[in-house]
**Q** 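Before we start, here is the structure in question, set down as structure tokens.
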Amino acid sequence: MSSPIDQPQSRASSVSRSVGYVLGANLAVAVAVVLALMLLFGEAKLLELRETLIVALIYSNCIGTLAWLLLPRLMGRCARYNPLASWPLYLFALLALGTIGALLSSAVFFVSGILPPGPNWQNYYVNGRLALLVTLIVGLGVRLYESMRRRLEAATLELRTRELEKERALKHATAARLASLESRIHPHFLFNTLNSISTLIPEDPQRAERLVERLASLLRFSLDSGGGGLVPLRQELKIVTDYLEIEKARFGGRLSYSIEAPDELGSLEVPPLSLQTLVENSVKYAIAPRPSGGRIRVAARSDGG
């Protein structure tokens, strides 16, 4: 957090940078004008070039400084209007700034004696027209640049917004899939399975390893089926077998099961975890409450097509 002493210093530093940019831009415009005049009217003497550069610098600083102070506010107001109406307003503002800046430059010439009145009145007229032309060219260039920059920023912002929305949607989808997994596989089942695996590790490590593989297969299937759609019957029966083998490790001899399904029915499609949910309810409500346990039989057959 910046202190109250740092804030005026930062503002002063920002203003000084802006002034430096404006002076540099004014110098660049003046040099560009002098070079353009050299190309149009041929070579000139060093003294004439120096005087031309001084005159161009005065025009550039008077008009450029006015534009720096007033154009941002004018552009902000023009942005409120329809583009067809904003451009004429902007052109009128450029002509007004160019005219006022040219008059200020003439006053500087008159006071400093660089271009004394009398025979040089024609020069004032010619220089003023040239200053207006340069003002229009530079001002329109700045307006076009700012318009393209705003469009680029808007496109960049829209692209970032879409990326954030896509990332947010992906996070929501992942959270929904995890919530679906939690709703399909109860945490108590996971805890009981892990306890069974930890018990089997010292007694029968190979069986414990197989249970880990079956649990991983069940979890993977639950995640993959979160997108909806149907799955082959053989894949659903494989998940049912994995689930029953996991529960058999917990219940021992109290649970027995059989799965009877012809091979030709294995390609039929069923909703994912539909049979597993029925088997899970059977274990929960028919096997677990009974001290003697029970037997679960899963059978599939084709009847009437």
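What you see is a predicted model; the values in this text were computed from it and never measured. FYI, side chains are in, hydrogens and waters are out, and symmetry mates aren't considered; it's all heavy atoms of this structure.
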**Q** Using the salt bridge (charged side-chain N to carboxylate O under 4.0 Å, His left out) criterion, which residues pair with Glu264? Sequence neighbours excluded.
**A**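 In terms of salt bridge (charged side-chain N to carboxylate O under 4.0 Å, His left out), with neighbours along the sequence ignored, Glu264 is linked to no residue.
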**Q** CD of Glu269: more than 12 outside heavy atoms within 6.0 angstrom?
**A**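 Atom CD in Glu269 is crowded, with more than 12 foreign heavy atoms closer than 6.0 Å.
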**Q** Counting only heavy atoms not in Asn281, do more than 12 fall under 6.0 Å of its CG?
**A**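 Yes, CG of Asn281 has more than 12 neighbouring heavy atoms, counting only those of other groups under 6.0 Å.
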**Q** Tell me every residue that passes salt bridge (charged side-chain N to carboxylate O under 4.0 Å, His left out) with Glu153, counting only those two or more places apart in sequence or in another chain.
**A**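 Partners of Glu153 by the salt bridge (charged side-chain N to carboxylate O under 4.0 Å, His left out) criterion, ordered by chain and then number, come out as Arg149.
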**Q** Are Leu157 and Thr161 side-chain neighbours, meaning at least one heavy-atom pair lies under 4.5 Å?
**A**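 The answer is yes; the side chains approach within 4.5 Å.
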**Q** When you group the ILVMFWY residues by side-chain heavy-atom contacts below 4.5 Å and let the links chain together, are Phe92 and Leu140 in the same group?
**A**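 Looking at the clustering, Phe92 is in a separate group from Leu140.
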**Q** Identify the two heavy atoms, one from Pro272 and one from Leu230, that lie closest to each other, and give their separation to 0.1 Å.
**A**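 Looks like CD-CA, 4.4 Å.
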**Q** Find the distance between CD (Glu245) and CD (Glu213) and round it off to the nearest 0.5 Å.
**A**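 If we round to the nearest 0.5 Å, Glu245:CD and Glu213:CD are 12.5 Å apart.
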**Q** Do any pairs count as a ring-ring contact (aromatic ring centres under 6.0 Å, His included) and have a residue in residues 247-297, sequence neighbours left out, and if so which ones?
**A**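 Checked against ring-ring contact (aromatic ring centres under 6.0 Å, His included) - neighbours excluded - no pair reaches residues 247-297.
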**Q** Atom CD1 in Ile100, atom CG in Leu95: separation rounded to 0.5 Å?
**A**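 Here the rounded value is 11.0 Å.
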**Q** Say you draw a straight line from CG of Leu103 to CD1 of Ile63; how long is it, rounded to the nearest 0.5 Å?
**A**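 If I round to the nearest 0.5 Å, the distance is 9.5 Å.
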**Q** In the hydrophobic clustering that connects Ile, Leu, Val, Met, Phe, Trp and Tyr at side-chain heavy-atom distances below 4.5 Å, which members other than Leu133 occupy its cluster, ordered by chain and number?
**A**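 Answer for Leu133: Ile137.
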**Q** What I'd like to find out is whether the side chain of Glu167 reaches to under 4.5 Å of the side chain of Glu163, using heavy atoms alone.
**A**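 Not touching, per the 4.5 Å side-chain cut-off.
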**Q** Would Tyr59 and Val134 count as a side chain to side chain contact (heavy atoms under 4.5 Å, CB included) here? Give the steps.
**A** CA-CA 10 Å; Tyr59 274 108; Val134 174; over 6 Å; no
**Q** Roughly how far, to the nearest 0.5 Å, is the SG atom of Cys62 from the CG atom of Leu97?
**A**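 Answer rounded to 0.5 Å: 12.5 Å.
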**Q** Check residues 290-305 and write down every donor-acceptor pair under 3.5 Å in which the side-chain atom is one partner and the other belongs to a residue at least two apart or another chain.
**A**
from   : atom 1 : to     : atom 2 : distance (Å)
Arg295 : NH2    : Ser258 : OG     : 3.3
Arg297 : NE     : Glu260 : OE1    : 3.4
Arg297 : NE     : Glu260 : OE2    : 3.3
Arg297 : NH2    : Glu260 : OE1    : 3.0

**Q** Test of understanding: clusters of I, L, V, M, F, W, Y form through side-chain heavy atoms closer than 4.5 Å, transitively. Do Leu144 and Leu94 belong to the same one?
**A**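 Same cluster.
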**Q** For Ile197 and Ala208, work out which heavy atoms get closest and say how close.
**A**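 The answer is O-CB, 3.9 Å.
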**Q** Side chains of residues 235-244: which donor-acceptor pairs under 3.5 Å do they make with residues two or more places apart or in other chains?
**A**
from   : atom 1 : to     : atom 2 : distance (Å)
Glu236 : OE1    : Leu273 : N      : 2.8
Glu236 : OE2    : Leu273 : N      : 3.2
Glu236 : OE2    : Ser274 : N      : 3.2
Glu236 : OE2    : Leu275 : N      : 3.1
Glu236 : OE2    : Gln276 : N      : 3.1
Lys238 : NZ     : Asp242 : OD1    : 3.4
Lys238 : NZ     : Asp242 : OD2    : 2.7
Thr241 : OG1    : Leu237 : O      : 2.9
Asp242 : OD1    : Arg214 : NH1    : 2.7
Asp242 : OD2    : Ser217 : OG     : 3.4
Tyr243 : OH     : Glu247 : OE2    : 2.9

